[in-house]
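To start, the structure itself, in structure tokens.
All heavy atoms count here, side chains included; hydrogens, waters and symmetry mates do not. Bear in mind that the values here come from a model prediction, so they are computed numbers and not experimental data.
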Protein chains: 2
Amino acid sequence: MVTPKVEDYLKSIYRLQDRDTPAMTAEVAAAMGVKPPTVTAMLQRMADDGLVHYQRYQGAQLTDRGEKGALKVLRNHRLLELFLTEELGYDWAEVHDEADVLEHHLSETLVERIEALLGSPAVDPHGEPIPTADLEIRECETQQSLAKCQEGTVAVVSEVRESSADVLSYLAKAGISLGTELEVVETAPFGMITCKVRTTEKPLSLPTDVAAEIYVSRPAEPAENERREYNEA
Amino acid sequence: MVTPKVEDYLKSIYRLQDRDTPAMTAEVAAAMGVKPPTVTAMLQRMADDGLVHYQRYQGAQLTDRGEKGALKVLRNHRLLELFLTEELGYDWAEVHDEADVLEHHLSETLVERIEALLGSPAVDPHGEPIPTADLEIRECETQQSLAKCQEGTVAVVSEVRESSADVLSYLAKAGISLGTELEVVETAPFGMITCKVRTTEKPLSLPTDVAAEIYVSRPAEPAENERREYNEA
DNA sequence: GCTTTTGTTTAGACGTATCTAAATCATGTT
DNA sequence: AACATGATTTAGATACGTCTAAACAAAAGC
């Protein structure tokens with residue numbers, strides 16, 4: 001009943017909906033790479049199956065069952081991403097597409113064994129939280145989008161919500177990975193933000209929509225001198 | 001164009017066909033767990049796609065393209081089985097079902113990495129040969145079905161072509177795995193064969209259709225005394 | 001408040017994969 | 001050689017997942 005395609009729709013709706021703003025047909029269509037009528041038909045079926053709340057022209061929101069389904073797929077996806085990097089030498093730019101296919105085809109047993117092999121990890125290679133076996137997820141509250149940081153902010157990359165392999169490769173080549181310390185040196189008025197990568201001291205300019213997907217948290221050890229300087233600058 | 005279902009049909013036909021005897025509709029239907037009309041429809045489509053030679057009422061045989069397709073899936077399947085046992089603690093009875101699903105969803109890259117990680121293995125956990133990257137397969141000619149062994153034969157288990165998890169579990173519990181030395185002690189006239197497992201000295205009776213799926217080869221070291229005794233008995 | 005624009009839904013179609021029921025072919029028996 | 005039997009195919013139906021074209025609702029503009 002919950003086919004791979006339905007799982008993909010669950011994922012999309014999960015990402016698009018908000019507490020009180022449902023995912024609209026056009027948004028889902030864009031996210032899924034299909035035409036709106038396809039989405040309408042699918043939402044109707046998913047509503048019949050009790051996966052979403054749906055009313056014509058009003059978009060869709062996940063039911064509890066739908067959310068569980070989405071979290072299960074997300075769990076599979078993120079465990080796979082980590083598994084592929086840890087055990088099979090993939091890098092963070094390659095894992096997404098592979099995991100997007102395989103996530104729909106793992107048995108309960110296999111997921112458990114992968115999780116055990118990896119030592120019940122909390123986050124995937126992009127820093128995204130991995131739902132637990134009972135489908136709980138804790139979004140990290142202490143982090144913030146790089147796009148919203150003030151000039152002068154120094155922070156550590158803690159998550160990169162970007163699925164494009166090209167962008168991820170670019171970022172990696174530019175020296176950005178989880179844990180990289182960044183200083184925001186300029187926010188231009190035309191949707192661009194420039195940072196300095198603190199390990200290489202190299203400047204890096206990014207369009208705001210890319211920076212929006214990079215999340216940072218405060219440096220961990222405020223005791224050190226250099227770090228404090230930057231925080232107070 | 002070659003969907004997972006088509007791949008399943010390719011596998012079935014590959015197993016069922018013989019040099020000059022095509023796979024018949026009813027056989028394929030039985031193997032696939034579907035009704036004959038479903039098979040007819042599928043064979044017509046596969047013939048249109050150049051995967052099988054098919055003429056009404058005459059069954060189907062793989063074309064070269066079809067055989068390549070079958071071998072690719074078989075390669076994926078067997079590499080997965082070995083991967084699951086080696087890296088994720090599966091035993092030989094569990095791997096089949098898991099591999100049957102995943103085999104259709106591996107990228108070229110992933111297959112290559114799994115193969116490299118395993119060190120380009122020749123056989124899977126059941127002793128079945130793994131097709132190479134260029135889809136060559138060497139069936140082992142020096143082995144023989146246990147069902148065809150004479151009483152008194154001593155031989156080593158080299159392959160178990162059995163996909164039922166229950167049967168494989170049973171065999172494992174009875175002490176049979178790859179490399180186990182067996183002595184055929186009796187072939188009963190009602191389709192049963194009794195062996196002695198040489199490590200445990202325990203007797204084991206098997207119906208002929210199970211024994212037919214167990215393949216054995218001559219013991220490797222004929223220099224040892226005990227072994228020669230048995231060969232000459 | 002009426003109208004235009006934009007987004008959404010219905011209607012009708014197609015390909016995959018399956019089914020049942022009915023028609024047809026192939027073959028072995030008499 | 002005709003026939004009965006069994007296997008196979010056709011015909012027609014259903015569910016999934018997608019499309020295009022046309023109808024329709026909601027929001028924005030005047």
*Could you check if a side-chain atom of A:Cys149 sits within less than 4.5 angstrom of a side-chain atom of A:Leu182, using non-hydrogen atoms only?*
no
*With under 30° as parallel and over 60° as perpendicular, where do the rings of B:Phe83 and A:Phe83 fit, or are they tilted in between?*
perpendicular
*In sequence, state the C-alpha distance, the side-chain angles, and the governing distance for A:Gln144 and A:Tyr215, and then conclude on side chain to side chain donor-acceptor pair (under 3.5 Å).*
CA-CA 5 Å; A:Gln144 183 190 5; A:Tyr215 286 75; over 6 Å; no
*Residues, nucleotides or ligands: over 12 heavy atoms within 6.0 Å of B:Tyr170 OH*: no
*Might you work through the side chain to side chain donor-acceptor pair (under 3.5 Å) test for B:Asn76 and B:His104, ending with a clear yes or no?*
CA-CA 8 Å; B:Asn76 289 1; B:His104 308 295; over 6 Å; no
Return the polar atom pairs (N/O with N/O) between nucleotides 6-8 of chain C and the protein under 3.5 Å, or none.
{"residue": "C:dT8", "atom": "OP2", "partner": "A:Ala26", "partner atom": "N", "Å": "2.9"}
{"residue": "C:dT8", "atom": "O3'", "partner": "A:Tyr57", "partner atom": "N", "Å": "3.3"}

*Just jot down the side chain to side chain contact (heavy atoms under 4.5 Å, CB included) partners of A:Glu186, sequence neighbours excluded, or say none.*
A:Glu151, A:Ala188, A:Thr194
*Is the shortest side-chain N/O distance from B:Lys35 to OP1 or OP2 of C:dA21 below 4.0 Å?*
no
*Partners passing side chain to side chain contact (heavy atoms under 4.5 Å, CB included) against A:Ala26 (at least two apart in sequence or in another chain)*: none
Identify each donor-acceptor pair in which a side-chain atom of residues 50-65 of chain B lies under 3.5 Å from a protein atom, sequence neighbours left out, and give them as a table.
{"residue": "B:Gln61", "atom": "NE2", "partner": "B:Asp18", "partner atom": "O", "Å": "3.0"}
{"residue": "B:Gln61", "atom": "NE2", "partner": "B:Arg19", "partner atom": "O", "Å": "2.8"}
{"residue": "B:Thr63", "atom": "OG1", "partner": "B:Gly50", "partner atom": "O", "Å": "2.8"}
{"residue": "B:Thr63", "atom": "OG1", "partner": "B:Leu51", "partner atom": "O", "Å": "3.0"}
{"residue": "B:Thr63", "atom": "OG1", "partner": "B:Arg65", "partner atom": "N", "Å": "3.4"}
{"residue": "B:Thr63", "atom": "OG1", "partner": "B:Gly66", "partner atom": "N", "Å": "3.0"}
{"residue": "B:Arg65", "atom": "NH1", "partner": "B:Asp49", "partner atom": "O", "Å": "2.5"}

*Which pairs with one or both residues in residues 99-114 of chain B pass salt bridge (charged side-chain N to carboxylate O under 4.0 Å, His left out), sequence neighbours excluded?*
A:Glu94-B:Arg113, B:Lys11-B:Asp100, B:Lys11-B:Glu103
*In whole Å, what is the span from the NZ atom of A:Lys5 to the C1' atom of C:dT16?*
13 Å
*Check whether any side-chain N or O of A:Ser169 sits under 3.5 Å from a backbone N or O of A:Ala165 as a donor-acceptor pair, and report yes or no.*
yes
*For DNA chain D, determine which residues of residues 100-108 of chain A have any heavy atom closer than 4.0 angstrom to one of its atoms, and list them numerically.*
none
*asked:* Reading DNA chain D from 5' to 3', where do the contacts with chain B start and stop? Cut-off is 4.0 Å to heavy atoms.
replied: D:dT8 to D:dT10
*May I ask you to list the residues of residues 44-51 of chain B, by number, that have any heavy atom positioned under 4.0 Å from an atom of DNA chain C?*
B:Arg45
*Among all residues two or more places apart in sequence or in another chain, which pass the ring-ring contact (aromatic ring centres under 6.0 Å, His included) test with A:His96?*
A:His77
*Are any non-hydrogen side-chain atoms of B:Val157 and B:Ser177 less than 4.5 angstrom apart?*
no
_Tell me if a side-chain donor or acceptor on B:Arg75 pairs with a main-chain N or O of B:Pro131 at a distance below 3.5 Å._
yes
*Going by number, which of residues 62-70 of chain A have a non-hydrogen atom under 4.0 Å from DNA chain D?*
none
*asked:* If the condition is salt bridge (Lys or Arg N to Asp or Glu O under 4.0 Å), which residues does A:Glu128 pass it with, not counting sequence neighbours?
replied: A:Arg78
*Which pairs with one or both residues in residues 118-149 of chain B pass ring pair (Phe, Tyr, Trp, His ring centres under 6.0 Å), sequence neighbours excluded?*
B:Trp92-B:His126
